[in-house]
Number of protein chains: 2
Amino acid sequence: MAKIESDLNVSRESTSLRLLVENRLRSAIGSGLFKPGQRLIERELCEQVGVGRTSIREALRQLEAEGLVTTIPHRGPIVSTISVEEAEQLYDLRALLEGYAGRECARLRDPEIIGRLRKQFIQMGAVAGQEDRSDLLAAKTEFYAALLEGCGNVFVERFLKMLLNRVTVLRMTSMTQSNRIGRSLAEIETILVAIEAGDEDGAEQACVQHIKNAAAIALEALRRDNP
Amino acid sequence: MAKIESDLNVSRESTSLRLLVENRLRSAIGSGLFKPGQRLIERELCEQVGVGRTSIREALRQLEAEGLVTTIPHRGPIVSTISVEEAEQLYDLRALLEGYAGRECARLRDPEIIGRLRKQFIQMGAVAGQEDRSDLLAAKTEFYAALLEGCGNVFVERFLKMLLNRVTVLRMTSMTQSNRIGRSLAEIETILVAIEAGDEDGAEQACVQHIKNAAAIALEALRRDNP
DNA sequence: GTTGACCGACTATCAGACAATCTGTCAAGC
DNA sequence: GCTTGACAGATTGTCTGATAGTCGGTCAAC
């Protein structure tokens with residue numbers, strides 16, 4: 001339905017330098033270039049990104065609203081750290097929301113969404129053996145994106161995206177455990193099968209269980225690092 | 001635990017003019033002074049609030065992140081409108097999150113939280129007969145605040161606050177229906193009783209039902225106005 | 001070891017300026 | 001009459017420079 005439009009969108013969203021800065025900083029934090037706790041000094045960011053202070057500041061406000069950075073008054077912004085308690089709460093909420101998303105996906109059974117889910121699942125299986133995990137992470141991200149879209153609730157989608165941004169760092173650690181990959185794939189297949197079958201309860205359960213397992217790994221790693 | 005600290009906090013949060021502006025604008029929108037769809041012209045806001053453009057803009061970015069205002073590129077920010085579909089989704093998510101909050105309150109049974117809930121419930125009963133509904137609204141807001149805090153999950157709390165900001169306008173319309181007050185009070189009592197009894201399922205159910213009822217009224221009113 | 005003054009590093013905020021872009025209008029042309 | 005194109009006004013997007021306030025650390029004095 002929106003395909004024609006998007007084809008005409010040559011570079012219509014190039015508007016707003018702020019959004020570019022925002023995404024740049026977001027990915028810099030997500031990729032670990034900026035580490036949790038690190039100070040983000042406005043002038044340095046100006047030089048690094050090559051824009052004025054105004055754009056930097058407004059982008060930082062946005063990230064602050066998302067919880068990705070924390071601004072200490074008269075001290076400046078830092079990359080948000082996450083305590084073990086917060087991580088637990090974050091995963092609890094994620095389980096709740098993703099369970100809901102899975103249930104709704106199973107209820108609605110949008111063919112396009114299911115196609116995207118299956119495609120990414122196959123892709124994940126294909127790249128699971130690679131040494132470099134970035135392809136796997138990309139496929140998993142796409143899988144989640146389809147799941148969130150499929151629930152048909154823009155608020156759930158937005159909130160889950162915010163949560164996902166916050167856990168990206170933790171997710172990397174929980175992914176590196178190679179013995180987890182096999183089980184993770186199996187869990188995702190369970191989700192997929194339940195959605196395709198329209199099994200609402202099963203899809204919800206599978207999503208919740210998947211998050212709980214990922215949470216257990218991530219939290220253990222976090223507890224080990226931050227005692 | 002935090003009581004001593006908060007007593008010493010003379011005016012420590014007076015820092016950051018931006019936050020003041022933010023809350024000012026938030027309440028202006030919430031109270032209906034700025035109506036949905038209305039344009040918010042930066043310079044006018046500068047004059048009205050009495051601060052520079054920087055502060056206005058950064059506060060607007062924050063509100064934009066919360067979904068309270070929408071910025072149209074090169075046109076400027078407007079107070080967010082809400083379609084019927086979005087309102088439905090918003091209430092669905094609210095039911096999910098508040099159900100969780102109620103369940104967790106019942107599980108944790110923090111005496112301080114329960115005290116606050118009961119106090120606000122009594123207060124609501126006391127002012128329910130008043131012509132002016134602002135006292136009732138205030139008590140209800142406090143009740144919710146205690147409920148959110150009591151769930152012990154900062155993310156749930158933050159998200160629900162954002163959702164509540166978005167529905168405040170709708171809530172006013174659903175509140176004005178005076179025949180709803182009695183039932184609303186009864187529903188809240190059900191929630192309170194279940195929490196006090198530690199009945200997790202009951203608390204969740206009661207919260208969800210309460211939201212669903214409120215949603216039905218609000219959505220009907222919305223459909224009537226925006227066909 | 002504590003107190004107090006001082007300095008440097010930043011942020012917080014403001015004011016002014018210029019370019020880019022959207023909107024509406026109004027006349028010209030078919 | 002309807003479309004097209006040009007033009008002006010309004011507003012944002014962005015940058016720059018400047019001032020004041022605040023935090024953290026240092027270092028001497030008591």
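Hydrogens, waters and symmetry mates play no part in the numbers below; they use all other heavy atoms, side chains included. Per chain, numbering begins at 1; letters A, B, ... match sequence-line order.
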Cation-pi geometry met for Arg94(B) and Tyr144(B) (6.0 Å, 45°): yes

Could you tell me whether the side chain of Arg53(B) has a donor or acceptor atom within less than 3.5 Å of a complementary atom in the base of dT14(D)? yes

Starting from C1' on dC23(D), measure out to CD1 on Ile78(A) and report it in whole angstrom. 14 Å

Charged N to carboxylate O below 4.0 Å: is that the case for Arg18(B) and Glu64(A)? yes

Gap between atoms CZ and C1', on Arg39(B) and dG9(D) respectively (whole Å): 12 Å

Does Arg75(B) contact dG13(D) through a side-chain donor or acceptor facing the base, at a distance under 3.5 Å? no

Residue mapping more 5' on DNA chain C - nearest nucleotide basis, Thr54(B) or Pro77(A): Pro77(A)

Closest approach to the side chain of Arg57(A), judged atom by atom: which nucleotide of dT13(C), dT11(D), dC10(C) is it? dT13(C)

Between dT12(D) atom P and Leu19(A) atom CG, what is the distance in whole Å? 17 Å

So, applying side-chain contact (heavy atoms from CB on, under 4.5 Å) with Leu60(B), which one of Val21(B), Leu68(B), Leu25(B) is it? Leu25(B)

Considering only dT22(D), dC22(C), dT16(D), which nucleotide approaches the side chain of His74(A) most closely? dT22(D)

Rounded to the nearest 0.5 Å, the CE atom of Met162(A) sits from the CG atom of Leu164(A) at a distance of 11.5 Å

For Ile72(B), answer base if it contacts any base atom (sugar-phosphate contacts may also be present), sugar-phosphate if it contacts only those atoms, and nothing otherwise; contact means non-hydrogen atoms under 4.0 Å. nothing

May I have the distance from Arg18(A) (atom CZ) to dT14(D) (atom P), rounded to whole angstrom? 7 Å

Integer-rounded Å distance: dG13(D) P and Leu20(A) CG: 13 Å

Of the listed nucleotides (dT11(D), dC15(D), dC10(C)), which one gets closest to any side-chain atom of Arg43(B)? dT11(D)

Residues Glu220(A), Arg223(A); criterion salt bridge (charged side-chain N to carboxylate O under 4.0 Å, His left out); working and verdict: CA-CA 5 Å; Glu220(A) 191 194 343; Arg223(A) 263 188 276 264; over 6 Å; no

How many Å lie between CD on Glu22(A) and P on dG13(D), as a whole number? 13 Å

Look at all strands and tell whether Ile56(B) reaches a base, only sugar-phosphate, or nothing, counting heavy atoms closer than 4.0 Å. nothing

Would you kindly give the CG-to-P distance between Leu60(B) and dT11(D), to the nearest whole Å? 15 Å

Please tell me if Ser55(B) has a side-chain N or O lying less than 4.0 Å from either OP1 or OP2 of dA12(C). no

Between dA9(C) (C1') and Glu44(A) (CD): distance, integer Å: 11 Å

